[in-house]
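Step one of this worksheet: look at the structure below.
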Amino acid sequence: MSREQHEYAAARVAQVGYTAVIDRMTPQLSFDRISANVLRSVGAAGGEATTLPALSERLSPSWQRGAVILLDEDQLDGELGTRGTLAFAISVAVDGLVGAAGATAVLHDPSAALTKTASELAQGLQSALDAVRIGFGPAELRAAFARRHAETSLILLRLADAATPLTDDERFAEGDIIAIGAHAQTADGAILFLTSVLIDASGGTRLDQLPLRLIVLQ
Amino acid sequence: MTENALLLRSGLSLPVIGFGTFPLRGEEARIAVENAISIGYRSIDTAMRYRNEDSVGAAVRAARDRGENVIVTTKMATDQVGHEREALQGSLSALGLDQLDIWLIHWPPGGFAGASSWKAFLRAREDGLVGTIGVSNYSIAQIDALIDATGVAPDLVQRSWSPIEFDAAYLDACAERGIALCAYSPLKNTPLDHPAIAVAAATHSRTPAQVVLRWNLQHGVAAIPKSSNPARQAENLDITGFTLTEAEMTAIDGLSTSAATS
C-alpha cells in the first residue's frame, strides 16, 4: 500500500470516529461513553485511537481521552449538556500513519451570535482550503483565511507518522497530507472545524466529507 | 404481506429479504450488489454514511436497464439536519437516480426525534422525490414525537433486530401505528448454535441463519443481512418452503435479552 493510500485510510477512519460521536450524541451522554464509542468504531474500521500532541497543544482541550478531544468548558461535568457547544476532534492511526477530524455540534437552537461566528469561521476556512496550491505554504493560507475571518488563526498540521505543526518556511508538495482547521472561542462555546487535505495538481483535495459548518442536532 | 414481500402503507411492496451493503465500498460494493441482484435480491440498502451510494447506484441502474425492479433504500446522515433537501439531492446524484424508493433518517439527531427533518421528508415525498419515508434506530417514543409534530407516522422503521433484541412491545407498537419494521444486523450477535435455533434448523434441514431470517419473516419483519460471500447471499435469500412452528417461534423469541424500548 502506498503512503497516500495509508494516509487516505487514516482520514477515512478519522471520519468514522467523527460519525461515532455525531450519530450517537444525546444529552447526558457521558464523555467516557463517547470515547468508548469512538474507540470501538475506529477499531472496527481498521484503525487505532491515538493522541496527537501537536493538536492537543494547539487546542488546549478541556477533556481528552485517547482519540477524543473535547473543547467546551460549559458542558456538564463528564457528560453532554444541552447548552453550549460540543466542539471535538478525533485523532487516529492506521498502519502507523495518522489522521484527524474535527467538528462542532449543538443540541439546541444556536444563538444568532454563535451561528454568525460559526459561519464566518467556516467561510474563512473555506477560503484557506481554496488557496491550497503546490508550492504555497502556511502564509498564503493564513492570508486567505484572514480576509474572511481575522479574529482567530488557522490550525495547520502536517500528517505523516505524526502530526507536526507546519512552519512558515515549509512549502506544499504534491502528495503531502495536511490537516487544516479553524478554532474560535465564543461566549456561547467553542467552535472547531478540522479536515484533511491531499495536496495535488488541483490544489488540495479534501479526504473526508465532514460538514464545515455548525451542526444542529435536534 | 405475501411470503416474499411486505406491503407498506406507502403502497410499496418491500421484499422481506434485502441486501445490506455496509461496510462495502467501491468496486467491492458494486460487484457484491450486482451479484446479489443476479441471484434474486430486489431490495438494496445503503446510506450516505456508507460512502458507497455511487457503487450501489451503478449496480442498480444496470439492473433497471435490464428491466429488473430493484428497490433502493438510503439514509440521511444525522449531521444533515437543516440541510435535508441538499442531502437528498446528493444521494440521488450519487445513486444516479431521479427518485428514491425509500429514504430514512439514519439516527435520531442528537437523540431527539428530529421533527424539522421529518417535515422536510414529508415535503420531499409531496414533491415526488421519494416514495416511502421512514426512520432508523428510533424508539417508539421518538416515533410518537414525529407523529405528534406532523400527524404522519413513518412508513418504515429500521433498527438492529435479532432474536436477542426481540421486543414484542416494540413490534406491537409499530403494528398499531401501521409502521413496517426492517431488521438490520439480523444475524449479528445471534447465538446460531443455541438449541432454539439449531434444533429448528435441523428439523427443517435449513441453516441456523435461514431459521433466523424465517423467524423474522413470520413476525412480519423484513431483514437486510449483509454478506459479500455469494453462497451465503443465496442462502440468506432462500427462506421460503418451510414454516417454523408456533413452539419454535416462541423458543426463538425467548432468546431476547432486550428490555422493552417502547
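The sequence lines fix the lettering, A, B, ..., with proteins before strands; numbering per chain opens at 1.
For the salt bridge (Lys or Arg N to Asp or Glu O under 4.0 Å) test, no residue two or more places apart in sequence or in another chain qualifies with R40(A). With sequence neighbours excluded, the residues satisfying side-chain hydrogen bond (donor to acceptor under 3.5 Å, both in side chains) with T46(B) are N52(B). Every residue meeting the side-chain contact (heavy atoms from CB on, under 4.5 Å) condition with A223(B), not counting sequence neighbours, appears here in chain and number order: I17(B), A183(B), P186(B), L213(B), N216(B), P225(B).
Between the CZ atom in R24(A) and the CG atom in N137(B) there is a gap of 7.0 Å [rounded to 0.5 Å].
Contact annotation for I215(A): only side-chain heavy atoms (C-beta onward) come within less than 4.5 Å of a heavy atom of chain B. Of the atoms belonging to H83(B), it is side-chain heavy atoms, and not backbone ones, that fall under 4.5 Å from chain A.
Taking non-hydrogen atoms and a 4.5 Å limit, the residue list of residues 25-35 of chain B in contact with chain A, ordered by number, reads R25(B).
The greatest number of non-hydrogen atom pairs below 4.5 Å with chain A, out of A115(B), S117(B), P108(B), G111(B), is found for G111(B).
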- Task: Test side-chain contact (heavy atoms from CB on, under 4.5 Å) on M25(A) and T78(B) and set out the steps.
- Result: CA-CA 10 Å; M25(A) 193 178 286; T78(B) 305; over 6 Å; no

- Task: Using the side-chain contact (heavy atoms from CB on, under 4.5 Å) rule, take R51(B) and Q15(A) through it: C-alpha gap first, then chi angles, then the decisive distance, then the call.
- Result: CA-CA 11 Å; R51(B) 296 179 71 175; Q15(A) 179 159 338; 3.3 Å; yes

- I22(A) vs W107(B), side-chain contact (heavy atoms from CB on, under 4.5 Å): CA-CA, chis, key distance, verdict: CA-CA 9 Å; I22(A) 285 290; W107(B) 289 90; over 6 Å; no

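Remark: of the listed residues L217(A), L107(A), T26(A), L107(A) is the sole one forming a side-chain contact (heavy atoms from CB on, under 4.5 Å) with F112(B).
Minimum interatomic distance between P27(A) and G110(B) (heavy atoms only, all atoms of both residues): CD-O, 3.2 Å. In terms of heavy atoms, Q80(B) sits closest to P211(A) at NE2-CG, 4.4 Å. The two residues T19(A) and R49(B) come nearest to each other via the heavy atoms CG2-NE, 3.0 Å.
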